[in-house]
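Written below as structure tokens is the structure these notes are about.
We name chains A, B, ... by the order of the sequence lines, and we start the count at 1 in each one.
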Protein chains: 2
Amino acid sequence: MEGISKESLQRLPTYLRYLNELHLNGIESVSSTTIADRFKLNPVTVRKDLAFISEDGGKPKTGFSVADLVAEISEFLGYNNTQDAVLVGVGKLGSALLGYKGFSNYGLNIVASFDCKTDIQIDSTKREINNISMLPDLVKRLGVNIGIITVPAESAQAVCDLMINSGIKAIWNFSPTHLITPDNIAIKNEDMAASLAVLSQRLTAILKNE
Amino acid sequence: MEGISKESLQRLPTYLRYLNELHLNGIESVSSTTIADRFKLNPVTVRKDLAFISEDGGKPKTGFSVADLVAEISEFLGYNNTQDAVLVGVGKLGSALLGYKGFSNYGLNIVASFDCKTDIQIDSTKREINNISMLPDLVKRLGVNIGIITVPAESAQAVCDLMINSGIKAIWNFSPTHLITPDNIAIKNEDMAASLAVLSQRLTAILKNE
DNA sequence: ATAATATCGATAACAAAGTATCGATATGTC
DNA sequence: GACATATCGATACTTTGTTATCGATATTAT
Ligand SMILES: NC(=O)c1ccc[n+]([C@@H]2O[C@H](COP(=O)([O-])OP(=O)(O)OC[C@H]3O[C@@H](n4cnc5c(N)ncnc54)[C@H](O)[C@@H]3O)[C@@H](O)[C@H]2O)c1
Ligand SMILES: NC(=O)c1ccc[n+]([C@@H]2O[C@H](COP(=O)([O-])OP(=O)(O)OC[C@H]3O[C@@H](n4cnc5c(N)ncnc54)[C@H](O)[C@@H]3O)[C@@H](O)[C@H]2O)c1
């Protein structure tokens with residue numbers, strides 16, 4: 001079987017949230033059409049997405065079992081075996097992420113945070129902030145695979161290199177730089193400027209039409 | 001001319017940052033190959049992207065004028081005429097965004113923030129937090145087009161509806177819900193779970209190969 | 001001047017993602 | 001029990017995005 005496409009993969013968490021809602025409301029089955037309507041998608045797209053992760057598939061006339069889908073998507077996305085992560089850069093954004101409860105739903109657990117100015121800042125969640133020099137040892141000791149970068153752009157590449165040298169295999173980068181990484185490292189640049197570009201382009205189109 | 005593709009559009013801010021760096025270092029021209037190498041892209045992809053926004057195009061052997069590209073991409077992305085925005089939900093994430101200096105580079109200016117608990121919280125930037133009930137009037141008065149949502153998922157749809165009723169035309173949603181909006185509203189759901197799904201999928205693949 | 005070369009833009013080939021169509025099949029209705 | 005219908009999965013088609021190819025053209029070196 002081919003790997004799932006990036007687009008399908010990104011739709012799965014959205015489906016899952018919706019399915020959890022249905023589940024909570026006691027709804028036991030759902031059709032691809034219903035899901036598609038909710039998210040302005042084509043039903044065929046939804047069926048193809050679900051075909052990747054669903055063992056039994058859907059039944060004619062009734063659709064898919066909500067409970068099954070919830071279990072299968074959760075499993076597929078790795079929400080059942082939580083991954084540890086470290087975060088570097090406990091500033092405004094880093095603190096917000098550290099204090100965010102939502103990540104546990106997504107199988108992510110931030111086990112330690114690091115900054116260069118540990119003496120000054122206090123994390124709102126009262127978790128300890130370690131000096132960045134402690135990172136390599138801790139990462140190696142705990143076998144942490146994921147690193148989150150929330151430092152200023154100028155420091156991001158250096159932090160990235162340090163993470164990789166310490167054994168980190170996946171990097172989630174919130175600083176506005178496209179990090180340079182070897183091919184055996186997973187990297188996701190969370191580029192707000194790119195998002196904003198898409199949004200304001202659409203806004204311009206809408207304003208022009210009115 | 002056809003509209004630019006979403007993918008191209010999202011690459012432009014990345015190019016721009018790089019070009020600004022080159023510009024700062026006094027480099028006057030750059031080839032599509034050089035840009036492509038920097039971001040692990042195909043040179044043809046880069047040339048096509050630049051063809052959309054560049055008036056004169058590049059010159060054989062030398063490439064593109066850095067200064068021209070910087071000016072043209074900035075203009076194309078609307079960085080020269082700043083758009084006003086309002087933010088609702090001055091919690092952990094909302095405060096971080098409010099205090100973020102970077103948005104001014106992207107032509108975004110947050111002119112006011114709102115919450116339902118204005119008396120309790122103090123924004124780190126000392127800007128005033130308005131009660132959510134003030135939103136419609138202010139948005140209408142200032143003609144604000146963009147709304148940023150950083151409230152809990154449960155409240156997000158209600159805030160979204162309020163924004164739309166007040167005249168907001170573009171919504172940047174950071175809560176983990178896919179908001180339901182009419183077609184004449186631009187919406188960007190900033191779904192961290194989707195990003196994380198992509199990252200951890202790649203991580204899994206990498207770990208499997210080792 | 002002439003030749004060598006890096007680069008461009010245009011066009012064409014390819015790949016991937018999305019959409020339409022259609023026969024098969026559960027489920028509920030007459 | 002026959003019939004209508006909602007839905008599925010498979011296949012085919014369309015659209016969109018990426019990559020390869022190639023002739024044309026500045027620039028540099030001989
Ligand atoms: N604040 C936001 O809402 C926001 C939004 C989008 C992107 N970003 C990006 O996220 C990053 C962080 O933004 P912020 O607003 O939280 O900035 P911030 O200045 O509040 O925090 C940055 C933190 O990183 C620490 N730091 C700097 N260099 C370091 C190093 N080499 N090692 C360890 N720690 C180091 C600083 O001490 C500081 O605590 C920036 O790159 C920013 O562009 C922020
Ligand atoms: N904190 C993070 O790093 C993070 C990361 C990803 C996504 N998010 C999402 O962003 C949103 C905000 O997260 P947070 O951590 O800042 O939460 P938070 O609880 O710190 O802040 C939420 C704020 O919204 C306000 N609010 C609630 N209902 C409101 C309403 N109807 N009108 C106006 N204001 C209202 C609350 O008073 C509070 O100040 C959530 O949806 C969260 O899932 C947060």
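When the shell of 6.0 Å around NZ of A:K208 is examined, it contains 12 or fewer heavy atoms from other residues, nucleotides or ligands. At most 12 non-hydrogen atoms from other residues, nucleotides or ligands lie less than 6.0 angstrom from CG of B:D183.
Rounding to whole angstrom units, CD of residue B:E28 and P of C:dT7 are separated by 17 Å. Atom CG in B:L9 sits about 11 Å away from atom P in D:dG17, given to the nearest Å. One atom, CZ of B:R47, and another, P of D:dT19, lie 13 Å apart when rounded to the nearest Å. One atom, CG of A:N42, and another, P of D:dT14, lie 16 Å apart when rounded to the nearest Å. Spacing between atom NZ of A:K48 and atom C1' of D:dT14 amounts to 12 Å, rounded to whole angstrom units. The CD-P distance, from A:Q10 to C:dA16, rounds to 17 Å in whole Å. One interatomic measurement links the two molecules: NZ of A:K6 to P of D:dT16, which rounds to 19 Å at whole-angstrom precision. Going from atom CG of A:D49 over to atom P of C:dA16 covers 17 Å, rounded to whole Å.
Taking all atoms of both residues into account, the shortest heavy-atom contact from A:I148 to A:I110 is CD1-CD1, 3.9 Å.
Taking side-chain N and O atoms only, B:S31 has no distance below 4.0 Å to OP1 or OP2 of C:dA6. Residue B:R11 places none of its side-chain N or O atoms closer than 4.0 Å to OP1 or OP2 of D:dG17. Contact annotation: A:S8 side-chain N/O to C:dA17 OP1/OP2 distance is not under 4.0 Å. In this structure, A:T45 reaches the C:dT19 phosphate: one of its side-chain N or O atoms is under 4.0 Å from OP1 or OP2.
In this structure, A:L12 and A:I4 have side chains that are in contact, with non-hydrogen atoms separated by less than 4.5 Å. With a 4.5 Å cut-off on side-chain heavy atoms, B:L50 and B:I35 count as touching.
Of the residues B:M163, B:Q157, B:E190, the one that meets the side chain to side chain contact (heavy atoms under 4.5 Å, CB included) test with B:I149 is B:M163.
In the set D:dT21, D:dT7, D:dG17, D:dT7 carries the atom at the smallest distance from any side-chain atom of A:T33.
For DNA chain C, the residues of residues 53-75 of chain B within the heavy-atom distance limit of 4.0 Å (strictly under) are B:G57, B:G58, B:K59, B:P60, B:K61, B:G63, B:F64, sorted by number.
A:S32 comes within 4.0 angstrom of sugar-phosphate atoms only, judged by non-hydrogen atoms across all strands, and of no base.
Taking a cutoff of 4.0 Å between a charged side-chain nitrogen and a carboxylate oxygen, B:D191 and A:R17 qualify as a salt bridge.
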